[in-house]
There are 2 protein chains.
Amino acid sequence: MPTSTTKRDDILDSALTLFAERGFDATTIPMIANDAKVGAGTIYRYFANKEVLVNTLFQHYVTLFKEALEKDYPEGTGIREQFHHLFQGMIRFTNEHDHALYFIKTHTSAYFLDAESREQFGHLLMILENFFEAGKQQGQIRELPSKALIAIIFGGFLQLYQLIRVGELEASAELLAGVEESCWDAVRHHA
Amino acid sequence: MPTSTTKRDDILDSALTLFAERGFDATTIPMIANDAKVGAGTIYRYFANKEVLVNTLFQHYVTLFKEALEKDYPEGTGIREQFHHLFQGMIRFTNEHDHALYFIKTHTSAYFLDAESREQFGHLLMILENFFEAGKQQGQIRELPSKALIAIIFGGFLQLYQLIRVGELEASAELLAGVEESCWDAVRHHA
DNA sequence: TTTATAGGAATGAATATTCATTCCGTTTTT
DNA sequence: AAAAACGGAATGAATATTCATTCCTATAAA
């Protein structure tokens with residue numbers, strides 16, 4: 001076992017960035033080692049193989065994201081406020097963990113995800129489905145399948161964040177507020 | 001030069017499917033050859049290498065998609081009708097060319113795209129930007145950067161179509177109409 | 001009409017390259 | 001000094017690409 005946990009974290013950080021930018025298959029172990037400033041062999045001291053590494057990363061960030069959404073969730077309040085909480089959670093999470101959401105999204109249906117990763121991701125979807133189902137019952141959310149509503153919000157938001165990451169847009173408070181409003185209008189029930 | 005154009009098309013068809021399903025890096029030339037029922041070497045009679053193949057494919061479908069959006073565009077009409085045209089164009093294109101839009105989307109910022117591919121994609125964005133810019137000037141479209149509006153629509157739509165392709169949702173007329181309405185509400189100016 | 005021949009197209013085994021993983025000598029920690 | 005952690009060259013498997021050979025098809029000679 002390693003003395004400090006620094007190298008393991010360095011490896012995970014580099015892997016996250018590279019997997020998000022180039023994808024799993026286009027990212028080589030030597031690339032990760034180089035970026036993390038460790039020897040290629042060192043990676044195998046911490047992770048049995050490349051798939052274990054990517055699954056560890058995936059589960060780690062899915063869990064963090066779930067926590068970001070659930071933390072301080074305003075249970076008894078209005079649906080718009082709950083939506084705001086979830087949306088802010090996405091933004092906060094994205095700011096704190098630069099490439100994480102994009103990594104999750106682009107690897108969500110990858111062939112190398114193990115059962116545990118898929119299950120964790122299922123939990124995440126459940127949180128969002130519950131929100132939309134409740135909203136539809138109250139007549140406050142558009143009558144579309146929850147899966148579709150989630151896809152619209154997530155797809156749109158992540159596509160947008162890609163532009164921000166690439167530098168084509170700046171993540172100003174004004175822009176983000178506008179995007180939240182746009183997403184809300186996409187899912188809410190209109191009179 | 002080949003006697004018929006069949007093999008080249010077979011190769012392109014197989015490559016499209018496999019690139020869309022597995023991604024560029026996880027798709028091997030022998031896989032493509034096998035799926036297209038040609039020898040691996042045959043692929044190199046038509047395409048100098050794997051990157052030329054993927055760029056050819058990318059440019060081909062970006063061009064087709066541009067045409068689908070521009071064909072019969074209702075120039076002098078209302079903005080909602082124009083939006084409908086563009087949205088229907090997306091749907092029609094997706095139905096006609098099963099994996100094409102998803103392939104385009106997932107490979108849009110890939111490291112192996114050449115200058116020509118990037119430029120073609122730029123043209124495509126321009127069509128949509130022009131639409132949104134005009135709409136904002138008329139006060140009919142939400143005041144957000146056009147790039148952001150495009151990201152929201154495209155990201156959402158494509159994420160949704162992924163669910164359909166995977167079989168989690170059915171592409172009924174009702175669903176599609178609802179999604180169009182949702183997307184429209186996302187981008188339109190609200191009083 | 002049949003047979004020969006040329007030349008492009010197709011093939012897939014052989015080669016070159018890339019990459020995940022292992023191994024072992026060196027360095028660091030205890 | 002012993003044990004653990006490291007680095008990075010070495011290994012072997014997988015993959016892109018090449019190329020010598022075979023297969024077609026079309027034209028021409030008989």
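Values below: all heavy atoms of this structure, side chains included; hydrogens, waters and symmetry mates excluded. Treat the numbers as computed from the prediction; the structure is a model and nothing was measured. Numbers restart at 1 for each chain; the letters A, B, ... are given by sequence-line order, proteins then strands.
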Judged by nearest nucleotide, the residue sitting upstream toward the 5' end of DNA chain C, T42(A) or T42(B), is T42(B)
I'd like to know if R142(A) and D185(B) make a salt bridge, using a cut-off of under 4.0 Å between side-chain N and carboxylate O. yes
The correct set of residues in residues 21-31 of chain A placing a heavy atom under 4.0 Å from DNA chain C is T27(A), T28(A), I29(A), P30(A)
TODO: Mark yes when over 12 heavy atoms from residues, nucleotides or ligands other than E133(A) sit less than 6.0 Å from its CD; otherwise mark no.
DONE: yes
Taken to the nearest whole Å, CD1/I43(B) to P/dT15(D) is 14 Å
N34(B) CG to dA16(D) P, in whole Å, measures 13 Å
Here the distance between atom P of dT22(C) and atom CZ of F47(A), to the nearest Å, is 15 Å
Y46(A) OH to dA4(D) P, in whole Å, measures 14 Å
Here the distance between atom C1' of dT15(D) and atom CG of N49(B), to the nearest Å, is 14 Å
Scan the side chains in residues 33-40 of chain B for donor-acceptor partners under 3.5 Å anywhere in the protein, sequence neighbours excluded, and list what turns up.
from: D35(B); atom 1: OD2; to: S14(B); atom 2: OG; distance (Å): 2.6

note: L53(A), atom CG; dA20(C), atom P; distance rounded to Å ~ 11 Å
| message | Check this one for me: any side-chain N or O of K7(A) less than 4.0 Å away from OP1 or OP2 of dG7(D)? | response | yes
When rounded to whole Å, the CD to C1' distance for the pair E51(B) and dT15(D) reads 15 Å
OP1, OP2 of dT18(D) versus side-chain N and O of Y44(B): anything below 4.0 Å? no
Heavy-atom closest pair (L144(B) atom, L149(B) atom, distance to 0.1 Å) is O-CD1, 3.7 Å
Sorted by chain and number, sequence neighbours left out, ring-ring contact (aromatic ring centres under 6.0 Å, His included) with H97(A) holds for Y61(A), F93(A)
Heavy atoms of D114(B) and Q59(B) approach each other most closely as OD1-OE1, 3.4 Å
Contacts of K37(B) and G41(A) projected onto DNA chain C by closest heavy atom; the upstream (5') one is K37(B)
Atom NZ of K50(B) and atom P of dT17(C) are separated, to the nearest Å, by 17 Å
How far apart are the C-alpha atoms of E180(A) and Q88(A), what are their side-chain angles, what is the distance that settles it, and do they pass the side chain to side chain donor-acceptor pair (under 3.5 Å) test? CA-CA 9 Å; E180(A) 177 177 340; Q88(A) 287 307 310; 3.2 Å; yes
